[in-house]
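Down below is the structure, laid out as structure tokens.
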Amino acid sequence: MLEVLYMRIFKKSVIFVIANICVYMLFTTCFSAPSCTKILMSEAKNGNYDTLIMGESHAYAGVNPYIVSTNLNCEAMNISRPSTSTYNQYYMLKEVNKDNKYRTVIFDIDYSYWDRGHDGRAGNDCNLQFYITGMRRFEYIKNVLLDSNYNDLIADYKISGFGDIKNIPHNLKLKSSKEYIENDPDIFADVAGLTQSGVYKYGGRGFYEGVDYMEDYYFSPLIWDGNSISKENNLVLKDMAEYCKENGVEFICISSALPPERLKTEDIDEYHSYFEKMCKDYGISYYDMNYARNLERTGKDYIDKEGHMMSCLADRQSKLLCEIIKSDDKNRYFYNSYESMLRDL
């Protein structure tokens with residue numbers, strides 16, 4: 001009798017597990033948007049590249065890999081993604097560099113992602129367990145996912161409204177296509193939704209060309225209090241710098257230039273001083289393009305008030321950045337104070 005009871009419990013448990021797996025697979029397939037990260041990481045791993053551009057959305061719209069390639073005599077790839085934590089970017093770096101082919105990493109520190117408690121560990125296109133391999137996957141699960149919300153641990157989808165249901169046919173069409181399955185870079189514009197947005201055009205190699213203004217993009221101004229900075233981000237940045245040093249990779253940090261109005265009205269100088277000191281303490285080269293000379297710009301050089309660049313400004317920033325990297329006298333490219341920078345805006 002007891003054996004029969006145990007068998008019933010076992011069968012019910014197996015059915016429960018299988019049912020959950022089926023629901024998980026169904027929801028992941030239907031509700032999770034096609035992954036931009038999947039396409040970019042595959043290209044970065046398999047393409048003939050030696051320079052990697054990383055960061056958030058300011059980096060994918062602000063650093064042109066073709067200009068970097070031409071001016072630094074290299075082959076650059078931009079794998080920057082929005083709402084992606086430093087932890088995820090650390091494992092993205094380790095995965096795409098598993099064959100030790102990269103010689104330089106340019107990492108864009110966006111002030112906002114060190115502030116406001118942002119972590120961005122999982123959710124749509126932010127769960128890396130499906131895109132990294134070998135021991136790196138187990139390390140990622142142990143160090144990142146097990147420390148996350150349990151929903152983020154088991155799922156790479158989030159349901160936020162009726163729009164997700166309307167997207168199901170589009171998701172299924174793209175995910176079942178041969179191009180998506182084989183990580184064809186030519187499908188990236190469709191995967192990223194750039195063919196419908198009208199704000200960006202896809203320039204290739206992960207670069208978003210800003211072409212139109214997005215009128216009502218919302219953001220919260222940066223007000224410095226010193227307590228909202230994520231110390232976890234600092235520690236992961238240090239890990240990235242140490243990884244690069246151990247593997248013979250030059251690690252360069254930048255901050256893309258923000259619109260003049262933000263520099264005038266927000267606590268930019270406090271953030272600049274914080275990151276400048278942090279990078280110096282970690283032995284990292286840091287070029288804050290907010291303080292760069294010869295980078296004239298107005299609000300019309302951005303697609304929004306938050307600071308995503310139009311392609312013309314991104315090209316100018318990229319050329320100037322390359323000049324700075326190659327120069328033996330880098331200080332001459334920067335203002336030495338917040339006040340002097342503001343006077344020339």
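Nothing fancy with the numbering, it's 1 onward along the sequence. All values below come from the heavy atoms of this structure, side chains included, with hydrogens, waters and symmetry mates left out.
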Item to complete: Could you tell me whether a side-chain N or O of Glu209 sits under 3.5 Å from a main-chain N or O of Met310, the two making a donor and an acceptor?
Response: no

Worksheet item: Side chain of Gln89, backbone of Thr84: donor and acceptor closer than 3.5 Å?
Response: yes

Worksheet entry | Whether Tyr302 side chain and Leu258 backbone form a donor-acceptor pair below 3.5 Å | yes

Worksheet item: Taking Asp110 for the side chain and Ser112 for the main chain, is one N or O donor matched with an acceptor at less than 3.5 Å?
Response: yes

Item to complete: Identify the heavy atoms of Leu174 and Tyr180 that sit nearest to each other, and give their distance.
Response: O-CB, 3.0 Å

Worksheet, complete the sentence: Output for pair (Ser255 OG, Phe107 CZ), nearest 0.5 Å, gives 9.5 Å

Worksheet item: Is the count of non-hydrogen atoms from other residues, nucleotides or ligands lying under 6.0 Å from Asn48 atom CG greater than 12?
Response: no

Worksheet item: So Leu52 and Leu93, side-chain contact (heavy atoms from CB on, under 4.5 Å) or not? Walk me through it.
Response: CA-CA 8 Å; Leu52 198 63; Leu93 168 60; 3.9 Å; yes

Worksheet item: Is there side-chain contact between Glu43 and Pro185, with at least one heavy-atom pair below 4.5 Å?
Response: yes

Worksheet item: If every non-hydrogen atom of Asn290 is compared with every non-hydrogen atom of Ser256, which pair is closest and at what distance?
Response: ND2-O, 3.6 Å

Practice prompt. Look at the aromatic rings of Tyr111 and Phe275 and report parallel, tilted or perpendicular, splitting at 30° and 60°.
Written response: parallel

Worksheet item: Distance only, no hydrogens: is a donor on one side chain within 3.5 Å (strictly under) of an acceptor on the other, for Asp344 and Tyr335?
Response: yes

Item to complete: Ignoring hydrogens and angles, tell me if any N or O in the side chain of Ser340 forms a donor-acceptor pair with the backbone of Ser337 under 3.5 Å.
Response: yes

Response to the item:
dist Thr298:OG1 -> Asp301:CG (nearest 0.5 Å) comes out at 4.5 Å

Item to complete: Could you tell me whether a side-chain N or O of Arg262 sits under 3.5 Å from a main-chain N or O of Glu306, the two making a donor and an acceptor?
Response: yes

Item to complete: Say whether Thr37 and Tyr131, considering side chains only, have a donor N or O and an acceptor N or O under 3.5 Å apart.
Response: no

Discussion item. Looking at every heavy atom in both Phe207 and Ala314, which two are closest together, and how far apart are they?
Written reply: CZ-CB, 3.9 Å

Discussion item. Holding to salt bridge (charged side-chain N to carboxylate O under 4.0 Å, His left out), I want the full list of residues that pass it with Lys277, two or more places apart in sequence or in another chain.
Written reply: Asp281

Worksheet item: Does Leu321 reach the side chain of Ile106, with side-chain heavy atoms less than 4.5 Å apart?
Response: yes

Discussion item. So, using side chain to side chain donor-acceptor pair (under 3.5 Å) as the criterion, who are the partners of Tyr291 when residues are at least two apart?
Written reply: Asp269

Practice prompt. Using atom types as modelled and distance alone, determine if a side-chain donor or acceptor of Gln317 lies under 3.5 Å from a backbone N or O of Ala257.
Written response: yes

Item to complete: Find out whether Ile132 and Met41 are in side-chain contact, i.e. whether some heavy atom of one side chain is under 4.5 Å from a heavy atom of the other.
Response: yes

Worksheet item: Mind checking what makes side chain to side chain donor-acceptor pair (under 3.5 Å) contact with Tyr208, not counting sequence neighbours?
Response: Arg81

Worksheet item: Are Tyr287 and Tyr333 close enough that some pair of their side-chain heavy atoms sits under 4.5 Å apart?
Response: no

Worksheet entry | Verdict with supporting geometry, His58 and His308, side-chain contact (heavy atoms from CB on, under 4.5 Å) | CA-CA 5 Å; His58 284 187; His308 298 92; 3.6 Å; yes

Worksheet item: Hey, is the main chain of Lys38 close enough, under 3.5 Å, to the side chain of Ser42 for a donor-acceptor pair?
Response: no

Worksheet item: Between Tyr102 and Asn97, which heavy-atom pair has the shortest distance, and what is it?
Response: N-OD1, 3.0 Å

Worksheet item: Run the side-chain contact (heavy atoms from CB on, under 4.5 Å) check on Ile254 and Ile324 step by step: do they pass?
Response: CA-CA 11 Å; Ile254 70 168; Ile324 294 168; over 6 Å; no

Worksheet item: Is there side-chain contact between Phe251 and Thr104, with at least one heavy-atom pair below 4.5 Å?
Response: no

Worksheet item: To the nearest 0.5 Å, how far apart are CG in Leu295 and NZ in Lys319?
Response: 12.0 Å

Discussion item. According to salt bridge (Lys or Arg N to Asp or Glu O under 4.0 Å), does anything in residues 83-108 pair up with another residue at least two apart or in another chain? List the pairs.
Written reply: Lys45-Glu95, Lys94-Glu139, Glu95-Arg136

Discussion item. Any side-chain to backbone donor/acceptor pair from Asp304 onto Gly307? Under 3.5 Å, distance only.
Written reply: yes

Response to the item:
Smallest heavy-atom separation, Asn234 atom then Tyr274 atom, equals ND2-OH, 2.6 Å

Worksheet item: Are more than 12 heavy atoms from other residues, nucleotides or ligands located less than 6.0 Å from atom NZ of Lys280?
Response: no

Worksheet item: Can you tell me how far CE of Met92 sits from OH of Tyr140, rounded to the nearest 0.5 angstrom?
Response: 10.0 Å

Worksheet item: Tell me, which pairs form a side chain to side chain donor-acceptor pair (under 3.5 Å) where one or both residues lie in residues 66-80, sequence neighbours left out?
Response: Ser69-Arg205, Glu75-Arg205, Asn78-Ser80

Worksheet item: Does the Asp212 side chain pair with the main chain of Val199, one donor and one acceptor, at a distance under 3.5 Å?
Response: no

Worksheet item: Which distance, rounded to the nearest 0.5 Å, do you find between the OH of Tyr282 and the CG of Asp239?
Response: 9.0 Å

Worksheet item: Does any non-hydrogen side-chain atom of Ile53 lie less than 4.5 Å from one of Val63?
Response: yes

Discussion item. Starting from Met135 and following side-chain heavy-atom contacts under 4.5 Å between hydrophobic residues (I, L, V, M, F, W, Y), which residues can be reached?
Written reply: Phe138

